[in-house]
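Encoded as structure tokens, the structure appears first; notes follow it.
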Number of protein chains: 2
Amino acid sequence: MSKAPTVYDVAESAGVSIATVSRVLRTPEAVRPETRDRVLDAVSRLGYVPSGSARGLAERRTGVLGMYFPGFDAIDDVSALDVLANEVREPFTVVRGAGPRDDARASMLFQDEVLRGAELEAWRRGFVLMVGVGRGDPSASTVRDMAGRVDGLVVLASSIPDDALAWLSRRVPIVVLAGPRRGDRHDHVTVSNTEAMVELTRHVLAQTDGRPPAYLAGPADSPDGAQRWEGFRRAIEAAGLRIDEIDVRRGDFTRASGRRVGEELVAHGLPAALMSSNDQMALGALDAFASAGIRVPQDVIVTGFDGIDASALVSPPLTTVRQPMIELGRAAIQVLAHRLETPDAEPVSVRLPVEILLRESSLRAS
Amino acid sequence: MSKAPTVYDVAESAGVSIATVSRVLRTPEAVRPETRDRVLDAVSRLGYVPSGSARGLAERRTGVLGMYFPGFDAIDDVSALDVLANEVREPFTVVRGAGPRDDARASMLFQDEVLRGAELEAWRRGFVLMVGVGRGDPSASTVRDMAGRVDGLVVLASSIPDDALAWLSRRVPIVVLAGPRRGDRHDHVTVSNTEAMVELTRHVLAQTDGRPPAYLAGPADSPDGAQRWEGFRRAIEAAGLRIDEIDVRRGDFTRASGRRVGEELVAHGLPAALMSSNDQMALGALDAFASAGIRVPQDVIVTGFDGIDASALVSPPLTTVRQPMIELGRAAIQVLAHRLETPDAEPVSVRLPVEILLRESSLRAS
DNA sequence: TTGAAAGCGCTAACAC
DNA sequence: GTGTTAGCGCTTTCAA
């Protein structure tokens, strides 16, 4: 560790040239077996690990792919946490009645799974994965940093501004993940949010005998939210209903905001159904309804969107749409790998299918 | 992208030498403002992004830290999933009554959070993070590959054999995460599993008026499992009970195995309490008890370990021990960063506190 | 089958 | 304040 052995050390120790060491590692069959063994012996004797930097420089490829997420500032408690300070610390604390984790953390699960899929696919193709999280750095320095170290980059939609994207894509190929397509200059992977919402809305209308659901929207700037709303609107209009007569409420994707809207609805009159643009808010609405003694789905149907774990665990289980998160990650890397092989092919746009999970919260006639 | 601009291109375009370009990027204050502006102008005009490889080679540090996890083969569905094939694909499928995700996936949440913590701390310290997952490669080539590309490596306990660890640690500093300490050659970060289990067992004994709980152990080779058992044993003996008279059952950390053990207990006689070495198995036991009409905690107390989300959502909510997963990740990176600053300091062993969450499943007298 | 040598793109003395 | 230049550790022609 003090000074890691290099090809030169191995070469000297094995009595060969550095070229031969390199050959043994890269094209073993091109080296005479005895020589090869001498080299391999030296390699293991010295504990030689090739420098990725030197390799990357010489090969003009790093073997690394990057994945860049937008950050959740709410979660990033950037407090000091100095574990090396010698404060006295109790080995444990006792807490009574702690609930599940909070909203913000739950919404990160999405990213976690995408990341897993990406890592898996990267591994299959002989790459390693580098991850970065955006933390509101205007100069996008983290992602630029990454761009300099990888052969290609997957960027979650809306994690960086368009001009930064353009900049980076001069160095490495970029795949944009989720959200609507941004121009047609980059490869793009997304899910069938809109189509699924059309179908889900149809389902709800069938359950309510055509009475219009209320809609629980997310923040106005959410690309996913926009796609979901679009699907809702289409289905409503296709059913001959007027979109501007829909009771639309806006939340911020948190459970608390869903609860608040649920309470409003309880106070001002219940719709036949409440379709939420994500699960968290739907769960919040369920909370409010339960507190008010309102039965779901008998008194009001509720649906979510995302397919988080909690949606299956609440009572009644929540009808929702499950995003294929692992597959999203895999698909992104796949598209990236493809791009690396054929740099001049036209940009592609891949749309992955989703699963509509019909559960008790929307099934009036079981 | 076809050919990314280099320092030479920037230098030429700005009419300066490459050294000046480098200076502008690294020590801007050492360059006359006008020159600096010319260079920065060229940089943005050309869309210059420095090569991480070249930098890493010249600086003899990469600015990258690595995190290596053991893999879950069960999850790694390495099927082809070719998103670029032009098959006809439905935008969605409809599924009735799908439940929550499976065991394997749930147990990965642990790693996901550790990873988040690690990424956060790496970012705070100006590093980027590289992730790798072990997939039963005997030659440990993935992790060796990583070792060549990073300045330091965090390795989850038991993800690679000791001799591979020794090998890698000749190149980069290694921090071992979780599990018992492996020798005293590397830095080590863990949690107070044992102490927490002692305390939790005490709590259970208080609830059962001293009647001994049954114990639901995990796989024999789990380091975490061993630490938890050790805590249980200590508390049992401290209470004057004999450890060899405890009813010990073994599962494999899955919900299904917990259910099976729960059913056995129902059939052969219920203990006063069942202490499980993880949450999944405890949840399985709860399933079995619920099916048999057995009341928790009135008829039998149940406790878990880990603090997964589902533990708070089941009925009754499960008493458990929450691991500080984010902090684990942060601590590991922190120790690593510290090691990079002071390479010759003695190896440290950091132990993080846990939270014991007392919930309804173990609170007989509320 | 092996070795010599020319880069890969950058940093950091050192000289001016 | 800026330019010249010698590496950093590896891969890869090109010769031998």
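Sequence lines set the chain letters: A, B, ... in the order given, protein chains first and strands last, and positions in each chain run from 1.
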Check: residues 46-57 of chain B side-chain donor-acceptor pairs under 3.5 Å, at least two apart:
{"unit_1": "S51(B)", "atom_1": "OG", "unit_2": "S53(B)", "atom_2": "N", "d": "3.3"}
{"unit_1": "S51(B)", "atom_1": "OG", "unit_2": "A54(B)", "atom_2": "N", "d": "3.0"}

### Query
How about P347(A) and H188(A): do any of their side-chain heavy atoms sit closer than 4.5 Å?
no
### Query
Through what angle, rounded to 10 degrees, does the axis of the helix from dT1(C)-dA16(D) to dC16(C)-dG1(D) turn between its ends, using five pairs per end?
30°
### Range on DNA chain C touched by chain B - first to last nucleotide, heavy-atom distance under 4.0 Å
dG9(C) to dA13(C)
### Set of residues satisfying salt bridge (charged side-chain N to carboxylate O under 4.0 Å, His left out) with respect to D145(B), sequence neighbours excluded
R149(B)
#### Entry: Nearest-nucleotide 5' precedence on DNA chain C, A19(A) against E29(A)
E29(A)
### Message
Under 4.0 Å, heavy atoms only, any strand: does R26(B) hit a base, just the sugar-phosphate, or nothing?
### Response
sugar-phosphate
#### Entry: Positional range of nucleotides in DNA chain D within the contact set of chain B, heavy-atom, under 4.0 Å
dG1(D) to dG9(D)
### Task
Would you please name every residue forming a salt bridge (charged side-chain N to carboxylate O under 4.0 Å, His left out) with R61(B), sequence neighbours left out?
none
### Message
Let's see if you get this right: which residues in residues 40-54 of chain A place a heavy atom under 4.0 Å from DNA chain D?
### Response
Y48(A), P50(A), S51(A), A54(A)
### Query
Quick one: salt bridge (charged side-chain N to carboxylate O under 4.0 Å, His left out) partners of E34(A), sequence neighbours excluded?
R32(A)
### Message
E121(A) vs R124(A), test: salt bridge (Lys or Arg N to Asp or Glu O under 4.0 Å). Steps then yes/no.
### Response
CA-CA 5 Å; E121(A) 193 66 24; R124(A) 288 188 66 222; 3.2 Å; yes
### Summary
A58(A) meets the side-chain contact (heavy atoms from CB on, under 4.5 Å) criterion, sequence neighbours left out, with none
### Query
Got a sec, which residues hit salt bridge (charged side-chain N to carboxylate O under 4.0 Å, His left out) with E12(B), two or more places apart in sequence or on another chain?
none
### Message
Contact between T20(B) and T35(B) at the side-chain level, heavy atoms closer than 4.5 Å - yes or no?
### Response
yes
### Task
Could I get the full list of side-chain contact (heavy atoms from CB on, under 4.5 Å) partners for P161(B), not counting sequence neighbours?
D163(B), A164(B)
### Message
To the closest 0.5 Å, what do you measure between CG (L156(A)) and OH (Y68(A))?
### Response
11.0 Å
### Message
Between T20(B) and E59(B), which residue's closest nucleotide on DNA chain D lies nearer the 5′ terminus?
### Response
T20(B)
### Task
For A42(B), enumerate each residue passing the side-chain contact (heavy atoms from CB on, under 4.5 Å) test, keeping only those at least two apart in sequence or located in another chain.
V10(B), S13(B), A14(B), R45(B)
### Query
Closer to the 5' end of DNA chain D via nearest nucleotide, is it L57(B) or I18(B)?
I18(B)
### Query
Given side chains that start at C-beta, do those of R36(A) and L40(A) come closer than 4.5 Å, heavy atoms only?
yes
### Task
Would you classify V16(B) as touching base, sugar-phosphate or nothing, given that sugar-phosphate means primed atoms plus P, OP1 and OP2, and contacts are heavy atoms under 4.0 Å?
sugar-phosphate
